[in-house]
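Down below is the structure, laid out as structure tokens.
Residue numbers count from 1 along this sequence. Please read these numbers as outputs of a predicted model, since none were measured by experiment.
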Amino acid sequence: MNESLPVSRAVDHGTAKLMPDVDRERAWLLTVDGAPQSYVDLDEPDHLEFEYARRLGHVLDVLAEEGRPLEVLHLGGGALTLPRYVAATRPGSRQDVVEADRGLLDLVVEHLPLPDGADVALHAADARAWLEAAPSGSADVLVADVFGGSRVPAHLTSLAYARAAGRVLRPDGVYLANLADAAPFAFLRSQLATLAEVFEELLLIAEPAVLRGRRFGNAVLAAAHHPLDITGLARRTASDAFPARVEHGPALRDFIGGARPVRDEDAVPSPEPPDGAFGIG
């Protein structure tokens, strides 16, 4: 049982809290202004508690042969859950994490230190500014999980941003994003339409209840210039504790419908989640 005490601290963009999980000895939940951001088990860095994190993990698992080191750029830091996962499942990987909130990074590093040997460089910077200055073809994977509070910032939703992401990725690279929306999915459709301007292959992973418009929830997007392992992903997501569906091809094109790519001047943040959408008030 975890008998550690909660930690609360004012960071650059709100109040961050680290709350121990009473059921797991060295596991913690990070919230910022009440919105859950990350879950970390220091003893089991390959344990992914949140549904969306497991879906990102599934894509990371199938995008290259098992155990092969990758160069990964993470936009959005949280409690560094996915960098820990990659370091555990793909030893030798080199990773950069870009997080706008320096205070949050300091809190996480102080209380939830990275494992020895993890090659993870932390950068306190704006995600798009960092991306636009990064070398071309420098990453195998780009993971975008950036939330200002509980909303994706507008400047990380446009075609110019998507093109910057495409430039930084290697030709066989994969772009991953965690987004949240609800029916009629104006935001999610526009993001798919935007990425379709840059990448040849797209897929969407989400819980069926979300896709049917029954509730607000997360969706994981993957984009690449080469076919992704749909069969492997579908098998993993279907057998998850919270099963999800993988949409791609004609079904995904139908979902996008008439949505248009987002220009910088028209960009808006992702929608505000309804109260209680993520289980914490």
Side-chain angles (χ1 to χ4, degrees), residues 1-61 66-67 69-70 72-124 141 143 145-147 149-150 176 178 218 220 236-237 239-242 277-281:
M1 179 176 290
N2 195 339
E3 296 180 355
S4 303
L5 295 175
V7 177
S8 181
R9 183 183 298 177
V11 293
D12 297 359
H13 301 294
T15 299
K17 292 183 180 178
L18 288 171
M19 293 181 285
D21 185 338
V22 296
D23 296 322
R24 299 175 75 98
E25 189 172 346
R26 298 179 71 226
W28 297 82
L29 172 70
L30 168 69
T31 67
V32 177
D33 289 341
Q37 300 286 328
S38 305
Y39 180 100
V40 167
D41 187 327
L42 295 176
D43 291 331
E44 293 186 51
D46 59 348
H47 173 75
L48 300 175
E49 181 78 9
F50 289 176
E51 296 167 36
Y52 85 84
R54 288 202 297 276
R55 288 162 195 161
L56 289 168
H58 293 326
V59 185
L60 289 165
D61 289 345
E66 185 176 346
L70 297 171
V72 185
L73 173 58
H74 302 264
L75 303 181
L80 310 176
T81 303
L82 281 171
R84 298 171 202 268
Y85 181 81
V86 171
T89 58
R90 297 182 176 275
S93 294
R94 295 177 54 192
Q95 303 183 78
D96 287 282
V97 177
V98 182
E99 168 59 57
D101 194 321
R102 182 182 295 276
L104 181 60
L105 275 181
D106 291 343
L107 174 69
V108 169
V109 170
E110 178 183 343
H111 290 277
L112 308 176
L114 285 162
D116 292 340
D119 188 357
V120 180
L122 307 179
H123 313 277
V141 188
V143 182
D145 187 14
V146 184
F147 284 81
S150 53
L176 295 174
N178 172 39
N218 291 83
V220 165
R236 288 167 185 261
T237 57
S239 63
D240 200 277
F242 294 92
F278 298 117
I280 291 181

Where do [X] and [Y] come nearest, in terms of heavy atoms and distance?
X: Val97; Y: Gly77; result: CG1-CA, 3.6 Å
X: Pro113; Y: Leu42; result: O-CD2, 4.1 Å
X: Thr31; Y: Gly34; result: CB-C, 4.1 Å

Could you check if a side-chain atom of [X] sits within less than 4.5 angstrom of a side-chain atom of [Y], using non-hydrogen atoms only?
X: Leu29; Y: Pro36; answer: yes
X: Leu80; Y: Leu114; answer: yes
X: Asp145; Y: Tyr52; answer: yes
X: Asn178; Y: Val146; answer: no
X: Leu107; Y: Leu18; answer: yes

Apply salt bridge (Lys or Arg N to Asp or Glu O under 4.0 Å) to [X] and list each qualifying residue two or more places apart in sequence or on a separate chain.
X: Asp46; value: none
X: Arg84; value: none
X: Asp116; value: none
X: Glu44; value: Arg24

Mind checking what makes side-chain contact (heavy atoms from CB on, under 4.5 Å) contact with [X], not counting sequence neighbours?
X: Ala87; value: Gln95, Ala118
X: Val109; value: Leu122
X: Ala121; value: Asp96, His123

Sub-3.5 Å donor-acceptor pair from the side chain of Ser38 to the main-chain atoms of Ala79, do we have one? yes
Ser93 side chain to Pro69 backbone, donor-acceptor under 3.5 Å: no
Applying ring pair (Phe, Tyr, Trp, His ring centres under 6.0 Å) to Tyr39 and not counting sequence neighbours gives His47
For the [atom1] atom of [X] and the [atom2] atom of [Y], what is their distance to the nearest 0.5 Å?
X: Arg94; Y: Asp119; atom1: CZ; atom2: CG; value: 6.0 Å
X: Asp41; Y: Asp23; atom1: CG; atom2: CG; value: 11.5 Å
X: Ser4; Y: His111; atom1: OG; atom2: NE2; value: 10.5 Å
X: Ser239; Y: His58; atom1: OG; atom2: NE2; value: 6.5 Å

Sort out for me which residue in Leu48, Thr89, Leu176 forms a side-chain contact (heavy atoms from CB on, under 4.5 Å) with Leu60.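 The option that passes is Leu176.
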Could you please spell out the steps behind the side chain to side chain contact (heavy atoms under 4.5 Å, CB included) verdict for Val72 and Val143? CA-CA 7 Å; Val72 185; Val143 182; 4.1 Å; yes
Residue list, side chain to side chain donor-acceptor pair (under 3.5 Å) with Arg236, at least two apart or on another chain: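 In terms of side chain to side chain donor-acceptor pair (under 3.5 Å), with neighbours along the sequence ignored, Arg236 is linked to Asp61.
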Worked check of side chain to side chain contact (heavy atoms under 4.5 Å, CB included) between Glu99 and Leu104: CA-CA 8 Å; Glu99 168 59 57; Leu104 181 60; 4.2 Å; yes
Pair listing, salt bridge (charged side-chain N to carboxylate O under 4.0 Å, His left out) test, anchored in residues 100-109, at least two apart: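 The answer is none; no pair qualifies.
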Could you name each residue pair satisfying salt bridge (charged side-chain N to carboxylate O under 4.0 Å, His left out) that touches residues 51-60, not counting sequence neighbours?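 Pairs touching residues 51-60 that pass the test: Glu51-Arg55, Arg54-Asp240.
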Name all pairs fulfilling the side-chain hydrogen bond (donor to acceptor under 3.5 Å, both in side chains) condition that reach into residues 6-18, sequence neighbours left out, sorted by first residue then second. Arg9-Glu110
